[in-house]
Amino acid sequence: EDGGNAGGGGGGGNGEQPYIAIVSKGFQHQFWQAVKNGAEEEAEKQGARVTFVGPPTESDVEEQINMLTNDLAKSPAAIGFAALDSQSAEPLLQQAKSQNIPVIAFDSGVDSDVPVTTVSTDNKAAAAEAAKHMSELVGGKGKVALVVHDQTSKSGTDRRDGFMEWMEQNAPDIEVLEPQYGGGDQLESANITKSIISANPDLKGIYAANEGSAIGVIKGVEESGKTGLKLVGFDSGKAQVDAIRDGSMAGAVTQDPVNMGRELVIAAMKAIDGEELPKSIDTGFKWYDKSNIDDAEIKAVLYE
Amino acid sequence: MTALETPPRESVAGGGFAAVAKGRLQQLLAFASLIAIFAFFSVASPFFFTYGNFTAILFSTVVIGTLAIGTTFVIITGGIDLAVGTGMALCAVMSGVFIVNMDLPLVVGLVATVLFGGMMGLINGINIALLKIPPFIATLAMMLVAEGLALVVSDSAPIYFSEEPSYTKISTGNLIPGVEFPNAVLVLIVVAVIAGVLLTKTVLGRYTYSIGSNEEATALSGIDVRKWKIAIYAFAGLFTGLAGIMISARLGSAQPATGMGYELQAIAAVVIGGTSLSGGKGSILGTLIGALIISTLNNGLQIMSIPQEWQNVILGCVILVAVYTDILRKKEA
Amino acid sequence: MTALETPPRESVAGGGFAAVAKGRLQQLLAFASLIAIFAFFSVASPFFFTYGNFTAILFSTVVIGTLAIGTTFVIITGGIDLAVGTGMALCAVMSGVFIVNMDLPLVVGLVATVLFGGMMGLINGINIALLKIPPFIATLAMMLVAEGLALVVSDSAPIYFSEEPSYTKISTGNLIPGVEFPNAVLVLIVVAVIAGVLLTKTVLGRYTYSIGSNEEATALSGIDVRKWKIAIYAFAGLFTGLAGIMISARLGSAQPATGMGYELQAIAAVVIGGTSLSGGKGSILGTLIGALIISTLNNGLQIMSIPQEWQNVILGCVILVAVYTDILRKKEA
Amino acid sequence: MTSTTRPPTASLPLLEVVGVNKSFPGVRALSDMRLDLRAGEVLALVGENGAGKSTLMKLLSGIYTPDTGTFSLDGEQLEITGPKHATELGISIIHQEFNLVPHLTVAQNIFIGREPRRMRLLLDERRLVREARELIERLHLPLDPTAVVGDLTVANQQMVEIAKALSYDPRVLIMDEPTAALNDVEVETLHDLIRRFVRPETGVIYISHRMEEIKRIADRVTVIRDGQYVDTVDVGSTSTREIIAMMVGRMLADGAGPRGVRPDREVLLEVTGLSTRTLLKGVSFDLRAGEILGFAGLMGAGRTETARAIVGADPVDAGVITLRGEQIRVGHPADAVRHGIGYLSEDRKRYGLLLDKDVKANVTLGALREKFTTAGFIHDRAARARASEYVGSLRIKTPSVDQTTKFLSGGNQQKVVIAKWLARDCDILIFDEPTRGIDVGAKEEIYQLLNELAERGKSIIMISSELPEVLRMSHRVVVMSEGRVTRILDAGEATQESIMHYATLRPDENVEDAVELGLDPVDTGAAEAEEEGKP
Ligand SMILES: Nc1ncnc2c1ncn2[C@@H]1O[C@H](COP(=O)(O)OP(=O)(O)OP(=O)(O)O)[C@@H](O)[C@H]1O
Ligand SMILES: Nc1ncnc2c1ncn2[C@@H]1O[C@H](COP(=O)(O)OP(=O)(O)OP(=O)(O)O)[C@@H](O)[C@H]1O
Ligand SMILES: [Mg+2]
Ligand SMILES: [Mg+2]
């Protein structure tokens, strides 16, 4: 392996450390920061060096391709990659393959035979879980709204479609309103939420598809003064956890981003060492609400 | 140069009676667009014309409105400020640092945050006035720096004000007893009035217009344009700081990654409100109306449950029509 | 209007010998910043100075570069175009519609896409030149409309060109046999040369400068400014169409939501390249250098493994320093 | 007096204007205006500032459309639809305002809209430059076709406008104050040009406030007052005083007062060895309280640059400025004004006015902080009162102090700038071409004003390209050439001839001149100039 060289940035110091370049779908959001933290922790434990980059929004496909290109130029020992669009990355994945750099897909699958394994959770299934709880909370009927962070990215559409499909199949009496998109921006999501509430006085519940949307929804409901709405969130973070504790949000689905980061690095190290890996590694998701929020296994997957 | 222009229909701030009346008329015209939009939505949706929805619209105008007021000053000088969006995020983070991490008394923390915004503006002003870097570049650089620093300072994690319940009251509390009227809107109104007075009644405001109208002539009149430009940018920066407080007070947390894109909305509000990007004219009232037009459209289209991908299309068209009608009316007035 | 400016010490393209020499010097100065940045990264990282990385930098310049070339024309007239980013996304989607959904022959589809971009520019031009809507507003509205329409037309899902392998070849293929040099870069070079010739050697280019320098005087000289402005915006729109093709060819898919933010980068490239936002001067070469400065910085900082939150901070500072050095040198030159 | 007496050379009316009315909001610019231009003549058009001269010309060049009235060319009635149409009809105009494209070159400006092309779209730049050069040579203009227009002085820009107008081969040439920015030598060049242009089939309408010029160049003169036609008379048989009387509606006192002697008061300002990188070489002079110090020189002699250097508008390389015996540092015009030195630029639009602001804002701009505020708040009423006061005392023609300045006529704009400096009340005022574009009546008023200021103990530097004005007003005259002070003349020794002698010394090219000035010719670069050899 010649990939272990520390780049000119001189972060590692130790030239022997294997270098894992991670190109994520995002960077600034808490979810991605949690993945990053998990990866960095694990790398430290294993004596590896990681870098973690991601485009500012989950629609900046070209930017992600540029980032992947740049990281490939550093000849890393392995690459972790969460594709915004599988197909666009295919030529670069092929290039990685020809340079003998193992690629580990994470977060969502990549339609390609290049990645040696995929560390992911099933967003659709997680969203369906949220739908199931929502249905129970509102008693199987009434109007439910969605505030989603993105209408084109895979995580956005999966979390939307998983919810809507479950409702369609299992809760015929629940009317799901046209999804609204707030770009994951708290303020915009809050404003959207208030509009939805104004326009639908008989609304029963709102589902928020990521952390930013969830904070916005919580704020919007609070500001509108409307009570009795059932809110179901996604991901974690302090604001959501607090809301669930004080009852303003009923519960949320969380994936385990920290663990995803860890598993990603573990898989990468194995790949570097030439070990066999399973086709996919599921990092799972969990439903949490007031009743189980302090359980050890839930606490472990929440990030603040 | 203006030989081709239609003769003057406009007035500037502080003119005589005729001028004032004409000025008012114009603002009424921009205001007319807003009223038309209001009327339309009121008819189109039964949920639009409610007290609750009005306060919702006003509430959603606060952050953009605050940023747009600061931006108005900068644009009247003929400059531009791209740093207000991410700068606001950095100020929000700084308020978290001051109030939560350093545990300063609330008032001290608030003042420090506003001053921090002023300091960013000051740096912009120095880069622009002393180093002669074009405003677009200087504030673009500041936008990037603030974006990065917000993440660095906050360690890429939100800072929560859970221990400071009075902090969120700044935005969501009701100072007026018994009336459901969020403080945030009061704050916006108060700063708008202050900004309006400063712009029309003080030397700072007058020089803001003069610099935008003819910087060289202003300098040759014995006014230290460099000093005043720095002052104006620093002053505008205070609004970035205030917006940082308003957004984090509303959310109960300082979100380091918010803010990008707000600058364009703020500029749009200013320009829709009749301030010219080439400088020399504009008003705070116009800016507020511009901001209200945008937030009313956003609100109304959502209330009408228009599919979101169409909302932007309609928003774009309505802005065009509103501005065009305004142009037509000015011509005919 | 521009009679009020400080007399321009610089010349525009197409001047006499002295003017040309001065122009060249200036571009060399902007170029010097680029070289300095290159030199720094080459020393700082062993991975930077490689053929592969150079083509990577060039490759990553293509889309912004193409947009920036179109934007250069608009900015030289003293206008601005905020619609190039989302407009590009709409054009990408339209190329998907033409080539994949309607199954038109490749060449026809490409031409149609470019013309579609031109049509968007035409609409901008009409709004600006005939209806007298300020460029900022007109193109902001177009930006919103295009953003929405890209989602509407594509049904919010990417359109894949999997059945059209020759489509992606436009970007990723290697026309030059045996040399690893992506076609996309060739395309950029070719259109840059064409744009440069048009800007400096044709009537269109001459009137572009003339309108930006003194619109009034241009009109009084008997030039139909409205007609030419429309033509210039429409022409600039062609580059939006081309950028739509280049980005979707590179990605193998038309992404309806990509594009927001590209307009700011394109404008930044133009301004860093020495084109003044107040119009009347600028060059294609400068714009290319500006675009290269941005993409080289992005590439180099990542190659150096600088943590991402710091990358923007550094990017901002370097842009400031680069532009400031340029200003200093011009003063001394 | 009627206009029916035709000179023997007179032929058919080339251009006729009948019954033209034009109003702007609040202003009746022209009412029942008429005018006839005969083929083969130069017709002067005179009137006070704001009389409506430029408005009439803008109607003729298709920029404005008249409310009522008709135009006819060669007896044929026609409608002028726009600037382009006007040039097609053979009417070319040189506007009072700057109407060039500053970023383009001289050649590009001259042929804008008519660029020689190949294959319809491609520019033939070489032919463009060649044709421009031919034109410039034919017209004997001192212009470089490849120079960028924005870099030229006002005077040279004016030359470009003239070249551009003549390049259309017009039948009617309208010149709206073409000489306002020119000095005597250049005026002569222009007049030569006009004489060569006037042929039996062409005619010129010539607007100017300089009466002696009109005497020299025009055949007849049409006088207008307050937008109304007064009369048209033969220049040869009418005295200047009569023309002026028609213009202002009364007889003006003969203004040529006694030339002043340098006041015997303390030296206020002393400038020593002022040099700039671009032009000035060791400029030194002093200025007493109550003195009017004239600055004379040819175009580009460096008078403006001296003024700008003193007030800190341009960077200074070397030199000492002493005020009341104390050395001062001036890095910015604000410093100068703080020390009581004010500068009125020669280019009021570029450097003097906020064109899109009202008269009041302009008048009070400089003194705002000192005179019209408390704690930063503006006293609007005081500002308005003061502005109205100046509008009255300087007879600024404007509907109100709220009128936007760009809609005032050129001369009235100049008065607004003067009012701004009067409001600021500086001890030292530098007037750069203070009467440029100002009508005779107003000129007298300005002269009186300068005298009054001087009597009140103010010191005045008056830069002017009009020698009669310099001679009449100055206690002493500083003559400059090529960035040097070549001589300071006392009132007694200053004559047209002596000033011209010192203004035309060229020590850098001419060794004898250098010797006369006591300069070392090697220092001055004369040697290099000789080596290069002049064409
Ligand atoms: N576009 C306009 N809008 C309003 N008023 C105007 C406009 N143009 C000219 N005026 C007014 O019309 C009158 C005539 O102006 P004009 O420019 O024709 O004067 P002029 O005779 O050329 O004066 P000067 O000798 O000072 O150049 C003035 O009172 C002027 O203020
Ligand atoms: N901004 C400028 N850019 C380029 N050249 C300039 C500039 N300002 C002045 N110059 C040049 O400097 C020289 C001195 O001009 P200055 O204006 O001081 O002369 P002047 O004696 O006032 O004559 P006038 O005003 O009649 O032209 C001129 O040759 C002019 O071309
Ligand atoms: Mg005039
Ligand atoms: Mg001068």
Side-chain angles (χ1 to χ4, degrees), chain B residues 1-23 76-78 129-130 197-229 231 235 276 278-282 333, chain D residues 23-27 54 58 63-64 83 95 97-99 308 311 313 332-338 341-345 348-358 360-362 364-369 372-373 375-378 380 383-384 400-404 406-407 417 420-421 424 426:
Chain B
M1 9 234 80
T2 40
L4 290 184
E5 267 174 40
T6 2
R9 305 291 172 168
E10 322 115 74
S11 69
V12 286
F17 174 74
V20 169
K22 259 200 275 174
I76 292 176
T77 68
L130 293 189
V197 168
L198 284 168
L199 186 58
T200 54
K201 305 273 178 235
T202 69
V203 177
L204 181 88
R206 181 61 60 84
Y207 290 169
T208 304
Y209 284 110
S210 315
I211 291 172
S213 177
N214 188 346
E215 187 167 338
E216 300 225 36
T218 307
L220 282 175
S221 300
I223 292 151
D224 194 337
V225 166
R226 295 165 308 179
K227 192 184 82 185
W228 283 99
K229 253 183 161 174
F235 176 74
S276 147
S278 48
K281 63 182 181 195
Chain D
S23 292
F24 297 108
V27 182
S54 298
K58 282 178 184 164
I63 294 171
Y64 294 152
H95 290 283
E97 297 93 15
F98 179 84
N99 256 307
R308 287 179 58 93
V311 299
H332 188 276
D335 300 336
V337 174
R338 202 169 334 104
I341 308 174
Y343 170 63
L344 282 83
S345 156
R348 56 179 171 258
K349 297 210 163 164
R350 195 140 115 193
Y351 298 119
L353 289 166
L354 311 175
L355 282 169
D356 59 353
K357 295 278 163 276
D358 57 23
K360 178 171 49 98
N362 273 287
T364 54
L365 178 63
L368 195 64
R369 227 144 59 92
F372 302 110
T373 57
F377 282 84
I378 300 169
D380 219 56
R384 164 178 302 277
S400 82
V401 292
D402 301 314
Q403 177 71 310
T404 306
K406 70 179 163 194
F407 296 115
V417 181
K420 172 172 78 182
W421 286 104
R424 186 61 180 79
C426 287

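Letters go in sequence order (proteins before strands), and every chain restarts at 1. All values below come from the heavy atoms of this structure, side chains included, with hydrogens, waters and symmetry mates left out.
- Applying the ring-ring contact (aromatic ring centres under 6.0 Å, His included) rule to D/F372 yields no partners; only residues at least two apart in sequence or on another chain are considered.
- Among the candidates D/L365, D/V337, D/N362, the residue making the largest number of heavy-atom pairs closer than 4.5 Å to chain B is D/L365.
- Side chains of B/Y209 and D/L354 form no contact here, defined as non-hydrogen atoms less than 4.5 Å apart.
- With contacts defined as side-chain heavy-atom distances shorter than 4.5 Å, the pair D/I378/B/K201 does not qualify.
- The line from CG of B/L220 to CG of D/L344 is 10.0 Å long, rounded to the nearest 0.5 Å.
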D/K420/B/S221 under side-chain hydrogen bond (donor to acceptor under 3.5 Å, both in side chains): CA gap, chis, key distance, verdict: CA-CA 8 Å; D/K420 172 172 78 182; B/S221 300; 2.8 Å; yes
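- The minimum heavy-atom distance linking B/A219 with D/P333 is given by the pair O-CB, 3.1 Å.
- For a residue to count as touching a neighbouring chain, one of its non-hydrogen atoms must lie under 4.5 Å from one of that chain's; by this rule D/R308 touches chain B with the side chain only.
- In this structure a side-chain-to-backbone donor-acceptor pair under 3.5 Å is missing from B/D224 to D/A334.
- Of the two parts of D/S400, neither the backbone nor the side chain holds a non-hydrogen atom closer than 4.5 Å to a non-hydrogen atom of chain B.
- For the pair D/D356 and B/K281, the minimum side-chain heavy-atom distance is 4.5 Å or more.
- Annotation: side chain of D/T364 is in contact with side chain of B/R206 (closest heavy-atom distance under 4.5 Å).
- In terms of modelled atom types and a separation under 3.5 Å, the side chain of D/K357 and the main chain of B/G280 share a donor-acceptor contact.
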Criterion side chain to side chain contact (heavy atoms under 4.5 Å, CB included) on B/N214 and D/K349, from CA distance to verdict: CA-CA 9 Å; B/N214 188 346; D/K349 297 210 163 164; over 6 Å; no
Verdict with supporting geometry, B/V203 and D/F377, side chain to side chain contact (heavy atoms under 4.5 Å, CB included): CA-CA 6 Å; B/V203 177; D/F377 282 84; over 6 Å; no
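- D/R350 contributes atom CZ, which lies 7.5 Å from atom CD of B/E216 (distance to the nearest 0.5 angstrom).
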